[in-house]
Structures are given as structure tokens and as C-alpha cells.
Number of protein chains: 2
Amino acid sequence: MSSRSASPSSAPPSSGRITLREVARALGVSVATVSNAYNRPDQLSAALRERVLDTARTLGYGGPDPLARSLRRGRTGVIGVVYDAPLEYAFADPAAALFLGSLAQSLQAASLNLLLLASPGDPQTDPLAPVQGASVDGLIVYSAAQDSELLRAVLARSLPTVLVDQPVPVDQSVLGDQNGQPAQDHRAQTSGVQIDDAGGARLAAQHLIDLGHTHIGVLCLELGPRQGGGPVTPERERQVAYHPTAERLRGYREALAAGPSGTRLFLTEAERNTPSDGERCTLALLQSEPEITALLCMSDVLAQGALRAAHSLGLSVPQRLSVIGYDDLPGSADLKLTTVWQPTSEKGQQVGEAMLALLGGQIPPDVRLPTRLVVRGSTAARPKTGVQVNRLPSPP
Amino acid sequence: MSSRSASPSSAPPSSGRITLREVARALGVSVATVSNAYNRPDQLSAALRERVLDTARTLGYGGPDPLARSLRRGRTGVIGVVYDAPLEYAFADPAAALFLGSLAQSLQAASLNLLLLASPGDPQTDPLAPVQGASVDGLIVYSAAQDSELLRAVLARSLPTVLVDQPVPVDQSVLGDQNGQPAQDHRAQTSGVQIDDAGGARLAAQHLIDLGHTHIGVLCLELGPRQGGGPVTPERERQVAYHPTAERLRGYREALAAGPSGTRLFLTEAERNTPSDGERCTLALLQSEPEITALLCMSDVLAQGALRAAHSLGLSVPQRLSVIGYDDLPGSADLKLTTVWQPTSEKGQQVGEAMLALLGGQIPPDVRLPTRLVVRGSTAARPKTGVQVNRLPSPP
DNA sequence: CCGGGAATCTGAATCGTTTCAGATAACTGG
DNA sequence: CCAGTTATCTGAAACGATTCAGATTCCCGG
């Protein structure tokens, strides 16, 4: 009724996706006006705006292309989460899931979405490509080996970056371009959030020592990327690349050093952080070191496997074998697992807030969150008897 | 030594982020050449390419901007996953995590990354914004209420889309623009992957009926978005918006209809899919319907809560109370939970492959995967005695 | 010495927006 | 009726790349 004009120019806009320009042309207005109809309603009359939106709908135009908009505006509304293992591992780990959940929540408040950036398992493709090619406003590194190419690639992007459970490297060491170029001070854009990994580990080991255990098995998380697991040689221990693993190990050793001199640690490395790997490691470890009466596990997930192994070996927990985990997952209380609690959700929130601060141009201070020992039913005093765990039934 | 020229034009490129153009200018070559140095090494001499890359490094240029590249190329390398609840829920649900993991894996093979698109819990912000504003090559809908705005927004983007556990709506009903505009045939870009939800549910209910149970409680997943939980009225049941919930309910009812006429179902709806909600619901349900001897749970997570509740009430499972779950999570075997297995990982893989096919211009057929009943130790015949579960101790 | 083909490199259009700096028109009060 | 606002709308320059269609140069056999 009201609109008199409709199709002044009859230039065939052809097929394909409709653009702002075509809407503008169809109405005989400028593209700026159409853009304004979407982004700044106050810049045009309500009537015209209505007509624009109507025409857009009729033409099947779904609004400004997000990509072009991002390019022009300089912001994408996306934060990348870097994970240096195949992504399915991330989801398989409840602690990671919990962390990501709370991270996502705190970022969502600022309308930011998470882009999952994982190293492909496939050795064909370049593991750095995702990080280098991602359109993001910021990066969060959830786990990367110290001094790794991946970490370097992240910092090279000079984006706001938050490092989780990992120290922020000093400039020179990590960005050592042989040609002395300063390569931007990435430190100004980078912040760190960590937990007291070593402290928690120390408490755990101390607990076992206090209970009188002298032969303690340690189920380690991966020491470095893609290696394979198994007994840990001193040499391998020296090369530990993952910071949390290194710290927890350090904590264990510190407690040991402070305890009675006869106590010994038997290290084994899980190939992956899964219950079945924990189970496998436990079986192997107990087989080769039958005097072990307690297990320090670097995650509740591994501990769960240890419990399973103990069960299948007929070793009662905690009477014959004490088991202690790390993380304190939601399900661990049900298992009566003694473990080291860490504020996983709060960590996610802190990381989110640090990112928000960085995006806002501030430089938030590094955060360090506490850990705590939660004693439940999976630990007890070292069995009094002559400790003959020997002659294990071979696993079925 | 070799390079003779270095800085012909001395126009100050000023500060900020370095661009392709500035690298080109510094070298005195065209931008096309610099671009080719990165994207088509065969288009320039190795020597020049080396010089280009060197200069780029010196200047601190980190390679072509992903955003601009995506705009020009028309591909982003990102697939959006739409989840119509706050994201922290997604991560809290092991089944979702499992699914996402395998999905991510299958997409990673094609160098595609996952962008998590969740409805913000905050009612302030537009829940459609993430979907409308995401720069993606395709969308995967993990859970959305039927006929919802969200689903409409997804389809309106006319991108390759895969609907998970949800029927693909027919054109007209969902895209009914009042002005008869056809609005693109989105069906050609949309594919579906589902499981036999109803079938699995039927088996579960049948199992309980076969065991002689006549008063069966049902712990439902959310029937619709943001509601609140509690006993399910017939009216509410009619409005169930989530497809899996509807289907499972249908399966339960079908088995019931085929069984002895005295059997009754007592429905209650969990507010969220968490163990503690399952526990809460179970307590409430048993309180109000003490004759219940068996529980059908729509997820293993809820079942886990049910087990916890039973434990705290002193009801032994399965002697006094049978519990049956849905999903068959990795941890459920440990709990001896009888449950309905679904191929969660395969589902993720199928969804990934369907997306790949769509991106490749094909139209993959809809997929429907089977479910199976896994009988473990949490179900048994209905207790013979006069079933006096009455006089429950009030929860502490 | 010449025509033709390969090897290199460049100009300019394009991707689809946003936004700044006006231009035009309409209204205000004096 | 005019200067000064205010309300609307537009032109054109970014944003940072990719890519197609040449333009040059070089090399080679004839």
C-alpha cells in the first residue's frame, strides 16, 4: 500500500548468496543505509528501516555476512582454545571438560564463543596450521609442551593469550628469531593462570608417607608429547615437557626428600589419561614391583583405573593398596577416592576473566590457585604383615 | 650478502599489525607475489620466495590474515556446533563429550575445527546471535527444541547442516515466511543422523515389565527448554519439545501398552541432566510413589543419581529397586548399570562424514543407528514381598 | 635471427561489510 | 526569510587478503 517504488534497477543480481549490495540495489538505496538498518537503527528513519528489513527478508538475505563484518570490524567474537592432543582426548577427560565448561560460561557473558584448536593426530597435516590459521580474537593454551613449536606458534600470533597451568615464557627464550628482531613484546598480551600443582602433590605424597608407606608407585600423566608410556627412566624424567606433570612429580619428590630415607618411588608413565591406561599401568607396575603398597596417581582418571586393577587383582583398597588421585572429579566422591582437589571450575572462570581483561587492553596479573588434599576411603596405613603381595595372579 | 635492494620506498608503514602489502612494499614486489610465496610456491622463483619469507620474518609478519583469507576464499575451515543450553551443560554430560570428541576427530581429518555455539544462559543477550553471527562453513545441531526459533535461525543460514537426534523438518512448516517466498530449499543442504531412541526405550521398559515390575518410575530428561523439572503432567507431556526425550517416552509407553494392563508409569522431569538432579528426582518420586520398584532413567547420568539416592535411602539395588539407564557411558559398566547402549562415538563420526559430504556438494541420506539393551546388575525381578518401601527415612 | 613456450612477476578486480566525512533536506527559533 | 540545528541518507575508502588475465623476460630449436 504505502511503498510506491520497488524495482527501479532491473540489473539481474544473478544467483548465489544475496549480499548487502543487492538488497540496496533492489531498494534503490545505498549500501550504507542497508548496513545501518542492521547496525545502527538510529541512523535512518524507522520507516525506511522497516522497508529495508522487509526487502531483505523477501530476497532471502539473512543479514550481514559475519566474515566480512569481522574483517571490517577487526573482531571475530571467537576465542581459540589450544589443545596439543587430538581433540577426542580433551573431551574424554572430565577435568578438561569441566574446565572448558566454566571457561565457556565466563566468556559467553561477553558474547565470545570457543573455537577448539587441536593438533590433528594425523601426522600428515601440519599441527601448527590450526593455530596459525584460526580467526580468533585471543588464544587460550590449555596444554602445550614447554618450549614447543606449538607454543611458539601461539605466541607468534601476538594475540591476547592466556596460558593455563603453564608458566609464561620470557621473551627471548621462546621467540628467539636468529635475526635479532624484537618480534613484539608478547608478554604484554599474555597472562597465566595456574594451580599449585607441586603443593598438592606434596600433600598427597606426604599423606602416604605419614601412613607408613615405603614403596610407592607413581602413575604419571604423559611426560611429553606422543611418547608411549611405560616405566620412567631418570633420563626421561629429566625431559618432562608438560608442566603439570613436572610440577606434580616435583611435589612428590619433595615430600619424599623430607621423609624417612628408606622410602622409594616407582614411576610409570601412562600413554593417555584414561582409566584403562591407568589400569594397564597399575597391573604392570605391581607385577614388576610387588612391594608397592600405595599408588600416587596424577589424575583421578588414572586412579579410577588403578582401583579397577586392584579389584581385578583381588587387592582390597585401602587395606592392601592405598590409592590417591588428583583433580577431585565430581564422580570421585562416590568412589571414596582420596585425592588432591583443585578448583577446576574456578580456574576456567579465572582464565575467562583474564582473557576478557586482555581484550580490554589491561594486563591482568598472573593467578595461582590453591590445591587441597581430600582424604576419603582409598588410603590407609601400610599393611602391617610382611607385605607379601607377591605371586600375583596373572591378569585374565 | 646476496640481496642488493632492501628499501626502495621509504613510506612509513606506520605501526599496528603488519600486512601483506607492507611486506611487498619493503621488498619492492607486488602483493600478489608475496601472497604466492605463501600459497603457491610454484608461482615464483625459489630465491625470491626465500627473500619474501625472510623479510616477512624480519618484519614480524606472521602470514596471511586468516580472516581476510577466509573472506576471499569463501571458506573458513570452521564448523559450528549448536547447543541450545548453556555450554557448561554440554561439557558436564559425558555422552555429549563423547559425541563431540568423535565428531571433532572425524572433522579434523579434513582440517575443520569446531566452534561451540551455545545459547547464553543470560536472558539479556539474544540467544540467536551466536548462530546468526558465526563465521562457519557448516552447522551441526546437537540439541534444539523442535520448531524452535533457534532451529529456524540455523536453517535460515542456508549452510550445510546436520541435525543430530532430530528429524529434518520439512520446508514449509519451519520456514514459513508469511510472504510466500520459497526461501531456498534448505533440505538440499541438510542431513540428519539419529539413533533408534524409541526402540531402545522400548527394550528397557520391556525388560522391567518382563521382570514383573508394575509400578515404574521414569526419570525424564528435559521435556522442553528452561522449564524447571518435577512431576510431569499429561499436558506437559504433550508439549515435549526435545526429540530424544519424546522418542524415549514413546518407547516406554509402547512397551507398557503391549504389557499387562496393571502396569503404571510415574513420570518426573529432571531440571538438568546431572547426577544430583537424578538423585533429587528419585528421592521425590519414591517419596510420593512408594510402590515404585523400578526406575527408567533417560540417561546414565540420571541413573547414577538414582543409584546414589537408592543408596542413601538404604534401598538395595537391584533387590529392592531396579534401575535402568540410557546411553551406556564408559563408566556405567563399573556401576553394573543395566542400560540402553547407543553408538555415541559412531554417531559423532557419522555426523562428521555427513557434514563432509554436504561440504563436498553431495546430499548424504539420513542415517539411523541402532540401540541395544545391555543387562547388567542393576535390574532384577520385582521384590516378592508385599513391597513395603513405605516409611522412607526423610532425607538428611 | 625469429617464433613459440616456459618461467616469473604484476595490476587490478573482488570477497561483503563498516564507517567516516559530507551532502541534502527539513525544521527550528528569531 | 535566514542562519543554525537536526534528521536522513550517500560516496568512497578501508579491512587484508586471493586470483585471473596478462606483461616481461628468458631460453631454445630451427
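In what follows, chains carry the letters A, B, and so on, assigned in the order in which the sequence lines appear, proteins first and then strands, with residues in each chain numbered from 1. Below, all heavy atoms of this structure are taken into account, side chains as well, without hydrogens, waters or symmetry copies.
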Check: For the pair made of CD in A:Glu22 and P in C:dT14, what is the distance, rounded to whole Å?
Finding: 14 Å
Notebook entry, point to check: Is any side-chain nitrogen or oxygen of A:Ser45 closer than 4.0 Å to OP1 or OP2 of D:dA7?
Noted result: no
Check: What is the distance from CD of B:Gln43 to P of D:dA21, rounded to the nearest Å?
Finding: 13 Å
Check: With respect to the side chain of A:Leu71, which nucleotide from D:dG11, D:dG16, C:dT18 is positioned closest?
Finding: D:dG16
Margin query: Please report the distance, rounded to the nearest Å, between CZ in A:Arg25 and P in D:dC9.
Written below: 20 Å
Note to self: Is the phosphate of D:dT10 approached by A:Thr33 (side-chain N or O, under 4.0 Å from OP1 or OP2)?
What the structure shows: yes
Item checked: Between D:dA12 (C1') and A:Arg21 (CZ): distance, integer Å -> 12 Å
Item checked: C:dT17 base / A:Arg72 side chain donor-acceptor hit below 3.5 Å -> no
Notebook entry, point to check: Is A:Asn36 touching bases, backbone alone, or none of the nucleic acid, heavy atoms closer than 4.0 Å?
Noted result: base
Next item on the list: Determine the minimum heavy-atom distance between B:Ala134 and B:Leu115, stating which atoms define it.
Entry: CB-CD2, 4.0 Å
Notebook entry, point to check: Of the nucleotides C:dT18, D:dT10, C:dG16, which has the atom closest to the A:Asp65 side chain?
Noted result: C:dG16
Margin query: Minimum heavy-atom separation for A:Ser135 and B:Ser70, please, with both atom names.
Written below: OG-OG, 4.4 Å
Check: In whole Å, what is the span from the CZ atom of A:Arg73 to the P atom of C:dC20?
Finding: 12 Å
Checklist line | A:Leu48 side-chain proximity, nearest of D:dT18, D:dC9, D:dG16 | finding: D:dC9
Next item on the list: Identify, between B:Leu44 and A:Tyr61, the residue whose nearest nucleotide on DNA chain C lies closer to the 5' end.
Entry: B:Leu44
Next item on the list: Of all the heavy-atom pairs spanning B:Arg157 and A:Pro66, show the shortest one and how long it is.
Entry: NH2-CG, 3.7 Å
Notebook entry, point to check: For C:dT18, does either OP1 or OP2 sit under 4.0 Å from a side-chain N or O belonging to A:Ser35?
Noted result: yes
Next item on the list: Using whole Å, report how far CG of B:Asp42 lies from C1' of C:dC9.
Entry: 13 Å
Item checked: Length of the line joining A:Arg69:CZ and C:dT18:P, which is rounded to integer Å -> 5 Å
Next item on the list: Hey, can you tell me if A:Tyr38 and A:Tyr61 have their rings parallel, tilted or perpendicular (30° and 60° cut-offs)?
Entry: perpendicular
Notebook entry, point to check: Does a salt bridge link B:Arg57 with B:Asp54, judged by any charged N lying under 4.0 Å from a carboxylate O?
Noted result: yes
Notebook entry, point to check: If you check the B:Thr19 side chain, which of C:dG16, D:dG16, D:dT10 turns out closest?
Noted result: D:dG16
Check: In whole angstrom, what separates A:Arg49's CZ from D:dT8's P?
Finding: 13 Å
